[in-house]
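Please read the structure below before turning to the comments.
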Amino acid sequence: MSIVSTVVVFGLAALWITSSAHWPRLRDQFFSWSHIEESFPDVLRGFWINMRVWIISMILIMLISLLFAALRALRGPWFAPFRVFAVLYIDLFRGIPAVLLMLLFGLGIPALQLPGVPDAALFWGTVALVVSYVAYTTEVYRSGIDAVHDSQRAAAKALGLTQWQTLRHAILPQAVRNVVPALLNLAVALQKDVALLSIIGVRDAVREARIFTARTFNYSSLIAAAILFLIASIPMARFADWVTRRDQERRLQRTM
Amino acid sequence: MSIVSTVVVFGLAALWITSSAHWPRLRDQFFSWSHIEESFPDVLRGFWINMRVWIISMILIMLISLLFAALRALRGPWFAPFRVFAVLYIDLFRGIPAVLLMLLFGLGIPALQLPGVPDAALFWGTVALVVSYVAYTTEVYRSGIDAVHDSQRAAAKALGLTQWQTLRHAILPQAVRNVVPALLNLAVALQKDVALLSIIGVRDAVREARIFTARTFNYSSLIAAAILFLIASIPMARFADWVTRRDQERRLQRTM
Amino acid sequence: MRRIEVQDLTKYYGDKLVLHGIDMGVGEHEVVVLIGPSGSGKSTLLRCIGRLVPYDYGKIFLDGVPIDDPALAGNELPKRVGVVFQSYNLFPHLDVLDNITLAPRKVHGIDRDVAEARALEELEKLGIADLADSYPDKLSSGQQQRVAIVRALVNDPEVLLLDEITAALDPELVGGVLSVIRDLKAQGMTMVIVTHEMGFARDVADRVYFLDQARILEEGPPDRVLGDPEHPRTRQFLQRIIEAGRL
Amino acid sequence: MRRIEVQDLTKYYGDKLVLHGIDMGVGEHEVVVLIGPSGSGKSTLLRCIGRLVPYDYGKIFLDGVPIDDPALAGNELPKRVGVVFQSYNLFPHLDVLDNITLAPRKVHGIDRDVAEARALEELEKLGIADLADSYPDKLSSGQQQRVAIVRALVNDPEVLLLDEITAALDPELVGGVLSVIRDLKAQGMTMVIVTHEMGFARDVADRVYFLDQARILEEGPPDRVLGDPEHPRTRQFLQRIIEAGRL
Amino acid sequence: GDAAETTTTAGGEACGPEHPALHEQGKLTVATGDVVFPPWMLDDDPAGGEGFENAIVYELAEELGFERDDVVWVRTTFDEALVAGDKPYDFNIQQFSITPDRAQVFDFSDPYYVEEKALVAFPETLPGEVSTLEDIKGLKYGAMIGTTDLDYIENVIGATDVQVFDELADVFLAMEGKQIQATVVGLPTALFATAVQVPDATIAGILPDSEGEDGLGMLFEKGHGFVSCVNEALATLDAAGRLDALATEWLASGGEIPRLTK
Ligand SMILES: Nc1ncnc2c1ncn2[C@@H]1O[C@H](COP(=O)(O)OP(=O)(O)OP(=O)(O)O)[C@@H](O)[C@H]1O
Ligand SMILES: Nc1ncnc2c1ncn2[C@@H]1O[C@H](COP(=O)(O)OP(=O)(O)OP(=O)(O)O)[C@@H](O)[C@H]1O
Ligand SMILES: [Mg+2]
Ligand SMILES: [Mg+2]
């Protein structure tokens, strides 16, 4: 029953599309196998850049934000300037579209030619991603810290642990565990945002695909890039979903 | 104490930047007031497009995903094909970078010239945003539905409510309330992703800024665009944070 | 014919045997109390009777009709068998009146006015009519539980299933809720009650069943089962509770 | 000199008066029980003594030294005053042994081996040494509470503060935990106990305080306060609990 | 050749491989697009010398006294080229149009080519015969960013609601999707695109010159000492007819295409 209706619905949609007078043209321009094949080596090479940038920036993001969040969670006047900075930082870098941030960082900072700072677009584009995601990720960690019940702090305090020991041994391990699903979802999002590097001229998968398009006026290379991204992201996203669901069940059980 | 150290830190950073031999040039190219002023009317006009698309697509996204999520939550073989569709849909559209999706929808589909389908870039760009965000938002709603405790279903069932009544009167109102923070955060993200319309030729704020840049070789118009986005997004993001925090407190209280 | 008749009921959760060969009956106007250690299957038995979970083997009858009979399909059974849960399960997004009138209006098609009048009347009886416009999270646990009872009562059930309805209450609030149940008994309501309050059980029960590890180990009048249990496991169970300073 | 001395203690939460002019003392080896309705301020009083929340007015002394004195700063007070909470508050990410040895190792600088040996010894006494490697969420509530007690005990506190440590337990599990406290009393531990278990209170208390609405209304030996209370509010409170089938 | 030895800049240094303003002594370091397109350069291979712009660069280099192997190619994107700061090359050549605005930020060489602009469309999208700008004013246009085409459409033709794309390919695809009806591009690009890349499109007409269209120039950092050398070499090549010859060799001519009038 269910299979039948699925087939019927999808079949009708396919019919509608292929019946278009322009379908053959679209097929040639978007789904031309020979063009996909031809562009594939370049797109794949670009995709390695995406993956490398993804992994490196992910590691940096997770560590830097954890540090930020921990410093922010400490109370007392000594840490006040940091809290001010964090608020400004988060407002600023969560508020600017990634496209703009990429342009400003990827093109602006290299122009500064600061002493001892590399000026490759790849480097500064990665920095733009890290800077932007750190803003989100710090908030995620913070929500994880907030979600640890105050009674845990009370218990740690009653045992005589200092503020830092409490954070280190009681709060942070639980906070990180709380936000693993959110972090995974950010990682999935980052995997795709790495494609923004293409805007500032880094020859990643999307840029390679667009170069091919510009040369041949054929868009099949974009499909090749899309396929690569799907291959990478579907397992990641499924894994993130699975972790999220398991985490939610764990939570429900605990409340029950 | 705290103010002093903040000032010191920021001051040192400013000194480091302005001490660069290239600072005056950079200042002229990125922070030139006259260029900001000159580009502002165009950028602002583009920004209205961003805001209009944002609001329209947000409404569509919220409604369509709620429908998707509700249909998905219904049990029974009749709804199986829909569940299959939902899984495919979500995998596909969460897996492709927004940049690529924008190119494929904004340029590819109009080229099909399907009968009875509009062909404006603005229209298809908005569709690309909606299609992409519906994938995320459906997942958000679903997690909200999952988070409603099963005992609520049991209570509704014990009262004799049908499956649909249970969903409509008992589950969905709570599910929506559960995910208000997540929805707000998606809305904040969408506000900025609307800037991707610039890629397919829509003259939004970012595109206007880039036109100005290409014309004058001066990047200050990008700063103008960034400022507009900040003005729009900071209050939104703060509001989302506030709702998130209040929601978390509400949850904690309940568990307590 | 007894109102409720359970025959050889068996249920698994996955591989785990949760109810095993349960035979049980509840007569007209009778109050049956189920006691037993945590995890023995008491809640599951109530849920089976209320058709809230499926079971694997055996039969359950309401007035001689199997509960999976088409005659009891849809909301026919829920109309006649009310359930009150330990955690009240009020709908947090509806105020007290809407919580109570939801089923009458949507399931029984009663007009809002009529349903609300009836709800207020019942709330009045339990002394909480002034809370009609409050939301559940503004009520004390005892008040919430009374609302949950009213919500079940306005469906005019013939049988009430009550699952540890005082377990989540502050000690001071327990008395109020239990006296509501005593009143219901006085009015002749047929009830199946799961409770850990032994004093109350002895007071209200016509018959007591002791469950342990998915089986009924002992059954009889409260004085005998609670006062002079036959089965060593029952004795041990009661002993522990006495030690804990209760009874 | 009494071990703990509370003088004219007053505390607000925002505008709300939670403790008002509390005078109280706990002698060496004495067991003091606090009873009173929900919200009367019992937990807050314990928290003030344990310096877990600040207070607004009055004084608290440990062995004659004010608890905000530099001599008790840092972890000096926590070393000498142990706290056990109603909800155990074990660290869910640490196994039983790590939960127990965290403070000895980090606060007291004891070697892991030594700390673990000590922890196992205490677990042995309570009959749960085999759970040393389990994580809290794999334990029954009674087992968790016993671990929480051990966690407080390995700090070798001079005074133990116990806040409704059986309220969250299944009835069958209450007895086990309470007998641990009886043993501690037998060993001469000084304790302040908040409880709703009147049988236990009568059994274990040297003195009982009755709190209501932020004030101490009555104080005395358990037989008198629980058996023949002077204050009408105390009588009413006890009456309600009796009605609920307890005592 | 000989010219290089006789020419000097205003500062007095000799124009040649030893000029102190050069990024690397003895080399002529030239930047061009990260990906270059015909007919400006063929096969995405500047060093191959096939194509209009790289051919000019090699003739220029020879004129200035560089060996062929002394020409070093560097790749930049259009955006990267526009950012201020020291550049790891002497000049950038990728069809930069010279405009007064841009000349405030960078120095341009004298024009090496003055493009005519062409109206490109699919035959079926045009409203019949077009012969004046008035006929095409009402069309929906798209243009590529970074060119003066957009200015031409808005200021000379007077059209509104012009869509602006990053790549020429996008412009043509939008045209296929009927999102736009026409575009304006430089004639060489138009000829190449309609001949090779989008055969279905046609050049509907060559557009009249606009005021202030100063042609394509090489992009130098402001105040770069080598600009005048390049200008003199260009002047020499021009006088010798080499620029026209190269244009004829690499850039197809408009031939039969009708011209629109204002
Ligand atoms: N949804 C479920 N899935 C799997 N196992 C379950 C589920 N609900 C209950 N069980 C298991 O079935 C057994 C009986 O549970 P039940 O809730 O009926 O016990 P109970 O007698 O009501 O206990 P308590 O006094 O703690 O409420 C337990 O071992 C429990 O773990
Ligand atoms: N963190 C807090 N913020 C605000 N008010 C609080 C807080 N903790 C407790 N209160 C309030 O202080 C009063 C006393 O609370 P406390 O927990 O001490 O009562 P209790 O006697 O322990 O009650 P119970 O028997 O329910 O545990 C209550 O009215 C409570 O609402
Ligand atoms: Mg149960
Ligand atoms: Mg308390």
Side-chain angles (χ1 to χ4, degrees), chain A residues 62 66 69-70 73-79 140-184 243-256, chain D residues 43-44 46-54 72-95 98-110 135-138 141 144 147-148 150-157 159-163 168:
Chain A
M62 300 292 152
L66 184 59
L74 292 174
R75 285 145 196 191
W78 283 101
F79 301 100
V140 166
Y141 277 123
R142 193 176 61 79
S143 82
I145 290 173
D146 286 356
V148 176
H149 204 282
D150 250 359
S151 64
Q152 291 283 319
R153 272 182 201 269
K157 201 173 170 192
L159 288 172
L161 271 67
T162 63
Q163 200 188 169
W164 174 246
Q165 286 173 331
T166 302
L167 201 59
R168 164 82 185 72
H169 297 290
I171 309 299
L172 283 186
Q174 296 185 58
V176 171
R177 201 198 279 185
N178 281 341
V179 297
V180 163
L183 292 180
L184 277 173
V243 171
T244 308
R245 201 148 320 145
R246 215 193 37 171
D247 178 77
Q248 213 158 42
E249 273 160 23
R250 192 168 59 89
R251 254 166 238 273
L252 277 181
Q253 259 172 11
R254 241 195 293 161
T255 352
M256 191 60 211
Chain D
S43 297
T44 308
L46 279 201
R47 274 156 204 266
C48 287
I49 298 175
R51 212 176 58 193
L52 298 175
V53 292
L72 290 175
N75 55 35
E76 205 48 47
L77 183 86
K79 277 184 191 170
R80 292 167 58 184
V81 179
V83 187
V84 184
F85 302 89
Q86 163 174 359
S87 44
Y88 343 127
N89 299 1
L90 297 179
F91 302 122
H93 60 294
L94 299 178
D95 68 16
D98 284 343
N99 257 286
I100 297 172
T101 58
L102 182 64
R105 289 189 293 121
K106 302 294 169 189
V107 179
H108 305 267
I110 297 174
Y135 281 84
D137 58 3
K138 296 276 172 279
S141 46
Q144 289 187 56
V147 173
V150 171
R151 187 173 64 171
L153 288 180
V154 292
N155 271 358
D156 288 320
V159 180
L160 256 190
L161 311 177
L162 308 168
D163 192 1

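Residue numbers begin at 1 in each chain, while the letters A, B, ... track the order of the sequences. Worth knowing before you read on, the calculation uses all heavy atoms, side chains too, and leaves out hydrogens, waters and symmetry mates.
Shortest non-hydrogen contact noted between D:Lys106 and A:Gln165 is O-NE2, 3.1 Å. Closest approach of D:Leu90 to A:Gln152, counting heavy atoms only: O-NE2, 2.9 Å. Heavy atoms only, all atoms of each residue included: D:Pro92 and A:Gln174 are closest at CG-OE1, 3.3 Å.
Within the 4.5 angstrom heavy-atom criterion, atoms from both the backbone and the side chain of D:Phe91 approach chain A. Both the backbone and the side chain of D:Arg151 come within less than 4.5 Å of a heavy atom in chain A.
From A:Asp150, atom CG reaches atom CG of D:Leu52 across 11.0 Å, with rounding to the nearest 0.5 Å. Between the NE2 atom in A:His169 and the CZ atom in D:Arg105 there is a gap of 7.5 Å [rounded to 0.5 Å].
Within residues 74-82 of chain D, the residues having any heavy atom less than 4.5 Å from a heavy atom of chain A are, in residue-number order, D:Asn75, D:Pro78, D:Val81.
Between chain A and the options D:Leu102, D:Leu94, D:Val83, the largest number of non-hydrogen pairs under 4.5 Å is found for D:Leu102.
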Next item on the list: Could you check A:Leu159 against D:Val107 for side chain to side chain contact (heavy atoms under 4.5 Å, CB included), going step by step and ending with a plain yes or no?
Entry: CA-CA 8 Å; A:Leu159 288 172; D:Val107 179; 5.6 Å; no
